[in-house]
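The first residue in the sequence is number 1, and the count goes up from there. These numbers come from a predicted model, not from an experiment.
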Amino acid sequence: QLQLVESGGGLVQPGGSLTLSCAASGFSLDNYAIGWFRQAPGKEREGVSCISALGGSTNYADSVRGRFTISRDNAKNTVYLQMNGLKIEDTGVYYCAPILWGFTIATLRRHPDAGPWGQGTQVIVSS
């Protein structure tokens, strides 16, 4: 099973920026499309962004489009989520996972090879 580790979260003021990292160990990320998800307090986990295996295609939830940028460095076996213009409603725990390509952001599906959800990385946007 594929296991990814998220990092880079923290406490930031509204309008601030953070860059999240999603690192793989023990397997090569470049065979998989990757999705970022988040779970706000009291809400279900939702898709935020995704990137194809070679990085040529990306997609974003409407709520983050224009503010977040997903990218990947397959040489470093890492996927990133650059988050600018953070809003209070971006608060939550962010997770990454290998996904099946071809689904909408709202219906992202984890790849069958994906392991259990990791611990995620906490993002708190607060003044």
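The heavy-atom pair separating Trp101 from Ala33 by the smallest distance is CE3-CB, 3.6 Å. Here the shortest heavy-atom pairing between Gly47 and Ala61 reads O-CB, 3.8 Å. When all heavy atoms of Gly85 and Ser17 are compared, the closest pair comes out as N-OG, 4.4 Å. For Pro98 against Leu2, the heavy-atom pair with the smallest separation is CG-CD1, 3.9 Å.
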Cut-off 3.5 Å, no hydrogens considered: what does the side-chain donor-acceptor table look like for residues 86-93, sequence neighbours left out?
residue: Asp90; atom: OD1; partner: Arg38; partner atom: NH1; Å: 2.9
residue: Asp90; atom: OD1; partner: Arg67; partner atom: NH2; Å: 3.0
residue: Asp90; atom: OD2; partner: Arg67; partner atom: NH1; Å: 2.7
residue: Asp90; atom: OD2; partner: Arg67; partner atom: NH2; Å: 3.4
residue: Asp90; atom: OD2; partner: Lys87; partner atom: N; Å: 2.7
residue: Thr91; atom: OG1; partner: Ile88; partner atom: O; Å: 2.9
residue: Thr91; atom: OG1; partner: Val125; partner atom: N; Å: 2.9
residue: Thr91; atom: OG1; partner: Val125; partner atom: O; Å: 3.4

> Does the pair Leu29 and Leu4 meet the rule for a side-chain contact (heavy atoms from CB on, under 4.5 Å), with working shown?
Replying inline: CA-CA 9 Å; Leu29 261 185; Leu4 303 174; 3.8 Å; yes
> Going through the checks in order, is the side-chain contact (heavy atoms from CB on, under 4.5 Å) test met by Gln39 and Tyr94?
Replying inline: CA-CA 7 Å; Gln39 187 166 19; Tyr94 284 68; over 6 Å; no
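Between the side chain of Ser49 and the main chain of Tyr60, no donor-acceptor pair closer than 3.5 Å is present. When atom types are taken as modelled, the side chain of Asp30 and the backbone of Asn77 share no donor-acceptor pair closer than 3.5 angstrom. For the pair Asn84 (side chain) and Gly66 (backbone), a donor-acceptor distance under 3.5 Å is absent. Checked by atom type and distance alone, the side chain of Gln122 never pairs as donor or acceptor with a backbone atom of Gly9 at under 3.5 Å.
Pairs passing the salt bridge (Lys or Arg N to Asp or Glu O under 4.0 Å) check and including a residue from residues 51-62, sequence neighbours excluded, read Asp62-Arg65. Applying the salt bridge (Lys or Arg N to Asp or Glu O under 4.0 Å) test to pairs two or more places apart or on separate chains, none has a residue in residues 107-125. Each salt bridge (Lys or Arg N to Asp or Glu O under 4.0 Å) pair with one or both residues in residues 15-26, not counting sequence neighbours, would appear here, but there are none.
Under the 4.5 angstrom side-chain criterion for Ile, Leu, Val, Met, Phe, Trp and Tyr, Val5 has no cluster partners at all. Through direct or indirect side-chain contacts shorter than 4.5 Å among Ile, Leu, Val, Met, Phe, Trp and Tyr, Ile124 is connected to Leu11. In the hydrophobic clustering, Phe103 connects to Leu100, either directly or through intervening members, whenever side-chain heavy atoms lie under 4.5 Å apart.
To the nearest 0.5 angstrom, Cys22 atom SG is 6.0 Å from Glu6 atom CD.
The disulfide bond (SG atoms under 2.5 Å apart) search around Cys50 returns none, not counting sequence neighbours. Residues passing the side chain to side chain contact (heavy atoms under 4.5 Å, CB included) test with Pro116, sequence neighbours excluded: Gln1, Gln3. For the side chain to side chain contact (heavy atoms under 4.5 Å, CB included) test, residues two or more places apart in sequence or in another chain that qualify with Ser7 are Ser21. With sequence neighbours left out, Asn31 forms a side chain to side chain contact (heavy atoms under 4.5 Å, CB included) with Ser28. Listed by chain and number, the residues in a ring pair (Phe, Tyr, Trp, His ring centres under 6.0 Å) with Trp117 are Phe37, Tyr95 (sequence neighbours excluded).
In this structure, the side chains of Phe68 and Trp36 stay at 4.5 Å or more apart for every pair of heavy atoms. Residues His111 and Ile99 form no side-chain contact, since every pair of their non-hydrogen atoms from C-beta on lies 4.5 Å or further apart. Inter-residue side-chain proximity for Leu20 and Val123 is flagged as met; some heavy-atom pair is nearer than 4.5 Å. The shortest side-chain heavy-atom distance between Leu81 and Thr69 does not fall under the 4.5 Å cut-off.
Criterion: ILVMFWY side-chain heavy atoms under 4.5 Å apart, direct or through other members. Under it, Val48 and Ile70 are part of a common hydrophobic cluster.
For the residue pair Gln82 and Thr19, a side-chain donor N or O sits within less than 3.5 Å of a side-chain acceptor on the partner.
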